[in-house]
Amino acid sequence: MLRRSHVIDPEGEDPIRSDREHVVVLSDHSQMHPHAIFRKLKQVGGGYFNYQRQTLTGLLAGKDQPLKERLDWGKMRMDPTDVSDVTGSTYTYLVNGHGPQDNWTALFRPGERVRLRFVNASAMTTFNVRIPGLKLTVVQADGLNVRPVEVDEFQIAVAETYDVIVTPTDDRAYTLVGESVDRSGMARATLAPREGMAAEVPALRKRPLANMKDMGMGDMDMGGMSGMDHAAMGHDMAAGGAAAGGMAGMDMGSGASPGTDKTAGGAMANMPGMAAPAGDAMGGMAMGGMGGMNMRDASKAPQVKMGPGVQTISPVPMDRTGEPGQGLEDVGHRVLVYRDLMAVERNPDVRAPDRAMEIHLTGNMERYMWSFDGVKLSDKREPIPFIENERVRVTLVNDTMMSHPIHLHGHFFELVTGHGEYSPRKHTVNVAPGGKVSFDVTADAVGDWAFHCHMLYHMHAGMMRVVSVRPRGEAA
Ligand SMILES: [Cu+2]
């Protein structure tokens with residue numbers, strides 16, 4: 001049984017008005033013991049629970065991806081369906097402790113402003129949340145108020161919280177959908193005027209496939225390129241200044257017909273806006289065909305301890321805070337992005353950072369190794385030292401093809417997303433695959449604090465460090 005959640009009300013009047021509220025705790029439950037799950041992941045590799053893994057037959061039939069891209073994935077011993085490492089094959093996704101069939105119901109009276117306090121309390125699952133038929137007005141993130149943003153869907157990583165306002169006007173039921181990011185299952189509940197009602201439950205959408213951007217290869221999409229015809233491609237490439245020899249190494253027009261597959265279709269939709277920037281991006285890259293891009297160039301990350309625990313270093317990590325989460329690029333409605341978030345109150349500390357540091361999120365999916373900078377917690381390195389009240393800009397670079405919700409204890413930090421003194425303050429930020437995120441943090445709490453990926457098994461495998469905030473004057 002899930003215990004009643006505790007809500008801490010603000011001092012004074014809550015600026016967020018609502019007629020009623022419900023806490024919505026999303027979680028993932030398995031009958032398998034967590035240690036058993038971890039053992040499987042460790043023994044068999046991160047793909048153990050991925051029943052959506054591409055089969056050899058699928059590969060030969062060329063159903064999912066253009067040939068060249070598939071070959072490159074194989075060469076790198078990675079799988080584009082590895083969006084989650086523990087999936088709906090093991091997990092039942094819950095709302096307030098109730099499975100999808102239980103039809104947990106949140107009541108409302110038509111016309112009321114209903115505040116839903118979403119908490120992702122799962123071990124390993126990123127959820128995509130929507131309530132078909134209702135707009136979601138996001139008013140709070142990680143417990144702090146943000147300027148209202150109206151969306152149709154938002155992604156919530158482990159440990160994040162979002163409060164949204166919905167205003168259902170009709171006397172009918174609405175389905176609350178919490179689809180796991182890899183689309184292997186869903187948490188489901190109902191908003192209704194009375195108990196016992198149900199609305200249509202939408203089918204799981206098509207699973208997302210990781211693309212080259214998710215691998216830190218920059219703003220290129222092989223699926224889309226394969227869909228382009230040779231002549232058009234040659235023209236754009238020439239304009240962008242890329243070496244023609246490089247392009248010859250790519251397998252063009254290998255059979256993906258636009259629209260038949262999600263990857264190709266989505267990329268094709270982006271084509272009009274892509275020609276020019278793609279040309280520029282490619283002009284600046286060493287291209288010997290895609291296979292020529294160095295996926296393990298240690299000079300891109302001098303502080304990373306290279307070893308078997310570091311499968312890849314993103315050659316072109318990008319700021320992806322303006323993008324919806326994985327698989328939400330082409331869902332046909334508005335999805336919350338981090339850059340939408342803006343604090344209501346001016347931040348308490350708006351000093352420029354005193355110093356900057358970069359931390360790489362590193363891993364090896366095959367061996368299920370996860371670390372920061374190639375060093376796992378059990379390697380017993382010194383804590384990351386902060387001095388009391390100093391302000392540090394931390395940039396997280398994701399060298400893996402999974403997203404990692406990175407959580408710092410004892411502090412809020414300001415996401416660097418272009419909002420200056422109104423940057424959103426959070427305690428957890430989900431770093432997209434092949435992406436990078438910066439935040440500014442004021443080390444205002446003396447002591448030792450956990451700093452880790454909030455995916456349970458990533459943390460357990462070592463993607464964690466201690467941040468030690470030392471009093472000014474005592475710092476060594
Ligand atoms: Cu992680």
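Counting starts at 1 for both ligands and their atoms, following the listed order.
- The Cu ion (ligand 1) is closest to atom ND1 of His458 (considering only N, O or S atoms).
- For Lys40, the NZ atom is loosely surrounded, since the number of other residues' heavy atoms within 6.0 Å does not exceed 12.
- A salt bridge does not link Asp354 with Arg391: every distance from a Lys NZ or Arg NE/NH1/NH2 to an Asp or Glu carboxylate oxygen is 4.0 Å or more.
- Using a cut-off of 2.8 Å, one finds that His454 contributes no N/O/S atom close to the Cu ion (ligand 1).
- The atom name of the N/O/S atom in His404 closest to the Cu ion (ligand 1) is ND1.
- Taking the six-membered ring for Trp, Phe118 and Phe127 have ring centres at least 6.0 Å apart.
- Between the NZ atom of Lys376 and the CH2 atom of Trp370 there is a distance of 14.0 Å, given to the nearest 0.5 Å.
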